[in-house]
Structures are given as structure tokens and as C-alpha cells.
**Q** 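Below: one structure in C-alpha cells.
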2 protein chains.
Amino acid sequence: MKAPRDVPTPLLESLKSLGLTKYEALVYIGLLRTAGATATEVHEISGVPRASVYPVLDRLVQKELVSVSHTTPKRFAAIPPDQGVENLMRRIESDAQSARTALDALYREKGPESRGDQELIWTIYGEENIKTRLAEMFKSAERSVELLATGDLLQRSVLSLLDPVPGSVPVEIVTDHWTGEQPSRFRLHLLPLAALCETPFLAKKLLPYERSGVFLVDDTRALLWMEGAEGQPSALYSESAGLVLFVRRHITTVMEWAKAAVQ
Amino acid sequence: MKAPRDVPTPLLESLKSLGLTKYEALVYIGLLRTAGATATEVHEISGVPRASVYPVLDRLVQKELVSVSHTTPKRFAAIPPDQGVENLMRRIESDAQSARTALDALYREKGPESRGDQELIWTIYGEENIKTRLAEMFKSAERSVELLATGDLLQRSVLSLLDPVPGSVPVEIVTDHWTGEQPSRFRLHLLPLAALCETPFLAKKLLPYERSGVFLVDDTRALLWMEGAEGQPSALYSESAGLVLFVRRHITTVMEWAKAAVQ
DNA sequence: TAAATGTTGTTGCTAATATAACAACAAGGT
DNA sequence: ACCTTGTTGTTATATTAGCAACAACATTTA
């Protein structure tokens, strides 16, 4: 009989978030290391109290993670991991689906009324969320789209979001680095690299972090994308006149400075 | 201010299985029905105690389900449901991935040694699990594949699994119903419908449930697929000589009976 | 201006629930 | 008689839920 050798905690955490309890995880892991064990053997291998093993095994069978033999005493075997994890995911995915539809019903109920967004500044966490918001902004553009972003951010995350901008709306892009040909769709302003290198201090000021950007749509909606070196990215979004004005000025200033430096 | 109108419990359950606590679910749902609420308003809308609202909102921000405004007092807004659920699923999916690899490492450690399968009869729950096991059986067939199944089960779940059967292995199929042309790949035995209708009692005996089947590979591995009217399907699998013999006889008997009835 | 009021955000404590762990025992097999 | 299996309670322990009290700050009112 094998020792109840200890199990890495991160694995336990992962399994918990898939809906297993600690015991269920321990028993399943234990069973993976054997082939057909009795309840008592499961107890010995997993370190789970013998009396607790029975209900736990019942639940695991219910969750389609183990199969049972028709002998006395009963013997138990684990379903292979990929199959088993998929079984768990299927349940969760179905929950996600029903939650999605139920929540969506509630969400639509309120309609897009009084966008409290008006004078507030929102912080959005997570790249996905930021990109979704940016996409909304771009799609709803009516008069202008201006953006000032590091080449990195621009190419990797933002450029693909620009497709839905209506054809009649001019798009102005200011960046420090551009690979590929000049795009006809956008008006491109390249920050003079030479000047940037001469004054790294200034470069830092204009494009402070590794990946960062400033986005302005219709002179009414602004988004500031900032990404600390380590953590997840976050962004500020606002329709506040004050912040919009500030962004407005910032972009203009940078463009003016770029023109001056080029001369 | 809206009432903390009660929330359907199944929705709460779904959200719990996505890793939210009851309070987190209530607050998120509450936020979906407004646009930018203060902590106190969240408390009123969701029915969650005001003091509890703060830690809960913190966690929701962490989980990328709500965004925060930079005002005093802070205001909170929900990320749209589909986006939010996707954010939750991303975490879970990543947990599933790491669990899969970690478990697989453990699983391989033991190798396919001492197949305890030898003399045991296993019950397998869930259609996916059964199909996986059937696929394994078919793929490893070396001498013969025989199956006796209701037409329904055959066409909907089993037929597609037969592809991996090695070309040199003969496949015998006994069923009550077959649509489409005669397959060249298999040897097909149709149970005489007329006789079946005359003796519904017998029909029930031979193919007891709605969807059921008996599968025999190489005269050494047998699987009995049974499906109660309501619950999830289950199956018996065995390499036990006794059970295999029994299945062997059963299939032969049915085929003999069919021949006799036809005359 | 100063007291009165009200709201926000915190802290700490208690209650309820789900999970974990143990003790005891009946049934059956050796 | 002994040991093992499977079952049933009962007791811890951890997580979550719910409450009360308070300091900080702003707004009103005398």
C-alpha cells in the first residue's frame, strides 16, 4: 500500500475551483495512482478518514470521476484525468450557459438608460474588459477617433479593434514605432525616434509605462490604458468634460511637440 | 431605489459553481440592474448587509466583474454578463488546464500495469464515459467485434465509434431497426420486426430498455449499456470470463432465435 | 461658529452553514 | 472469536453570512 504522500496545494485549489471538495480531490488523486482499490485502500492511500471515504466516493461516482465494481467489497477506479476533468468542465460550462442567459435577461431589463457614466471616471481591470470597452467606443464613433499609444500596445492589442470604426470617421494615430507599410485608412503621426533617444526623460513622460495609451473618441469619451510592469492592466474611462479636455490637450501637445522636434 | 427583489435560486447555484459566493452573486446581479451605484445603494438593491458590501465589492473588482469610479463616494458598475461570465470561465479554464497536466503526471506514473480489470465488473456512469470506454474497446479489437443494440442507440451513439476498428476484424451487428443502405463494412443481422410485434413480451426481454446494447470484443471484453427511462445512462464493463461467457451466449441465442423466427 | 445630523468606509464580533474528522456499531466473512 | 466492510451518529473546524459599533468626513441647522 502506498503512502498518502502529500499533494501539492495548488492542485487542490485548482480542483476545488472545479467544484470538488478537499476530500474529493484527495480521493480522486489517490485513485489515479492505483487500479481498482477498495474503500479501505482508498482511505489508506488518500489519508481521508475511512468513514468519510464512502460518501466521498458516492459523490465522485455521481460526478462521473470514478467507476465502481460489482464485487464485495466494492472496488473503485478513477476515470482518466483528461476525461474526468472534461466531465467536470461540462457541468460548469452548462452552469455558465444558464447563468449567462439568466443574467442577460436581467441586464437588458434596465436598458441603456441614464448612463451614469456622465461625469464619472471609471477604472476597469483586466485586458479583456478594457478591450471590450475600447471596441464599444470605436464602434460608436461619429466624428473623430484619436489615439496615442506605444507601438507595442498598438500592434498587439488595439489595432484589430479599429476595424469597426465607421468609414466616414477620421482616425488619427500617434505612436513611437510602426512596422509595415503606411496605412491608408489612418492618419499616422510618428514620434521622431531620434529626438526620443536624445531625451529619454521626455520619452518617459510622453509614454510613461511599457504598454500604455490614450484614446479619445468624438471629443467626448476618453480612455487611458495603463499597465504597470507586473500586475494586470487597468484603464480609466470617462466622459467627464474635465478629463476629456485634459486628454484633448495632451494629445495636441504631443503632436505639436513632434512637429517641432522634426524640424 | 429598487427593491432587493428575490433572485431565482438556480441562478445563485450556477454562479456559485462559477466560484462566486452568495453575496458576490447577489451584489453582481444587483449591479446589473442599475448603472453606477454607491456602496450603500448596492446594499439596498442587493439586500446584502451594508458592512459586508465593501469586501464583497473588492472581491468582485478583483474578479473583473465590476468597475469602480474615482469619485467620493466610490461608484460601482457591473461588467456586462457575457463578458463577466467569460472572465470567470477564463480563470476556471486555466485551473482546469493546470489540474489536467498535474493529474496526468500522477496518472502516468503508475503505468497501465496490473489491470485490476481482470475479474471485476465495473459500472460506468455518464454517456461520455461509456463512449470513451467503448472506443477503447473497439480500437484494441484484434479478432472480433459483436454488438446487439437498439437501433436508436446504435445510430445515435455507437455507429460513429466503430470507425477505429481495425480493417481485418469482422464486425457483427444485431439490431431491431436499420435505416439507410446495407453497410458493406459490417455483417448486419436484422431482428424480424413482424415477430417482435407479435410477441412484445419477447421484444422487451431481448432489448429491455429504450436505449440499450450489449458489446463483445475479442470474446474477452464485454460492455452492457443500459439506460433507464429517466436518469443518466450507465454501463457494466468486464473482462471476467463468467460475464463474457454469459454475453457470448446471449448474443448467440438472439441470433439463433432471429434465424428461426424468420423461417 | 458650533452643535446636530447623516453618510461613508472600517473593524470586530456572533450566527449559520458546509466541510472535515472521529467514535461506535451492525452485518458478514474468515 | 476475530477482522473487515459499510453505516450512523456526534463533534471539530473553516468558510460564509449577518450584525453592531465607530471614526472620518460632509451637510445642515441653530
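Excluded from the calculations below are hydrogen atoms, water molecules and symmetry mates; all remaining heavy atoms, backbone and side chain alike, are included. Numbered from 1 within each chain, the chains take letters A, B, ... in sequence-line order.
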**Q** Is the shortest side-chain heavy-atom distance between Thr34(A) and Leu31(A) below 4.5 Å?
**A**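 Thr34(A) reaches Leu31(A) side chain to side chain.
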
**Q** dA20(C), OP1 or OP2 - any side-chain N/O from Thr21(A) closer than 4.0 Å?
**A**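 Result: yes.
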
**Q** In whole angstrom, give the distance that lies between atom NE2 of His70(B) and atom C1' of dG9(C).
**A**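 These atoms are roughly 16 Å apart.
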
**Q** Can you pull the salt bridge (Lys or Arg N to Asp or Glu O under 4.0 Å) pairs that have at least one residue in residues 56-69 of chain A, sequence neighbours excluded?
**A**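 Applying salt bridge (Lys or Arg N to Asp or Glu O under 4.0 Å) to every pair that reaches into residues 56-69 of chain A, excluding sequence neighbours, yields Glu24(A)-Arg59(A), Glu24(A)-Lys63(A), Glu64(A)-Arg90(A).
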
**Q** Does Lys131(B), at its NZ atom, have more than 12 non-hydrogen atoms belonging to other residues, nucleotides or ligands within less than 6.0 Å?
**A**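 For Lys131(B), atom NZ is crowded (more than 12 foreign heavy atoms under 6.0 Å).
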
**Q** Is the number of heavy atoms from other residues, nucleotides or ligands within 6.0 Å of OH (Tyr54(B)) greater than 12?
**A**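 Enclosed: over 12 neighbouring heavy atoms sit under 6.0 Å from OH of Tyr54(B).
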
**Q** Nearest whole Å is fine: how far is dA20(C) C1' from Leu20(A) CG?
**A**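 Whole-Å distance recorded here is 15 Å.
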
**Q** Specify the separation, in whole Å, of atom CG of Leu57(B) and atom P of dG9(C).
**A**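 Whole-Å distance recorded here is 10 Å.
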
**Q** CG of Leu60(B) versus P of dT16(D): gap in Å, rounded?
**A**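 Rounded to the whole Å, the gap is 13 Å.
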
**Q** Rounded off to whole Å, could you give me the CD-to-P distance for the Glu24(A) and dT19(C) pair?
**A**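 Glu24(A) atom CD is separated from dT19(C) atom P by 8 Å.
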
**Q** For Phe138(B) and Phe215(B), take the angle between the two ring planes, folded into 0 to 90°, and tell me which bin it lands in: parallel under 30, tilted 30 to 60, perpendicular over 60.
**A**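 Plane angle over 60°, so perpendicular.
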
**Q** Spell out protein contact along nucleotides 3-8 of chain D as letters: B when the base is contacted, S when just the sugar-phosphate is, - when no protein heavy atom is under 4.0 Å; keep the 5' to 3' order.
**A** --BBBB

**Q** Taking the side chain as everything from C-beta on, heavy atoms only, tell me whether Arg75(B) gets closer than 4.5 Å to Trp122(A).
**A**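 The answer is yes, as the side chains (C-beta and beyond) meet within the 4.5 Å cut-off.
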
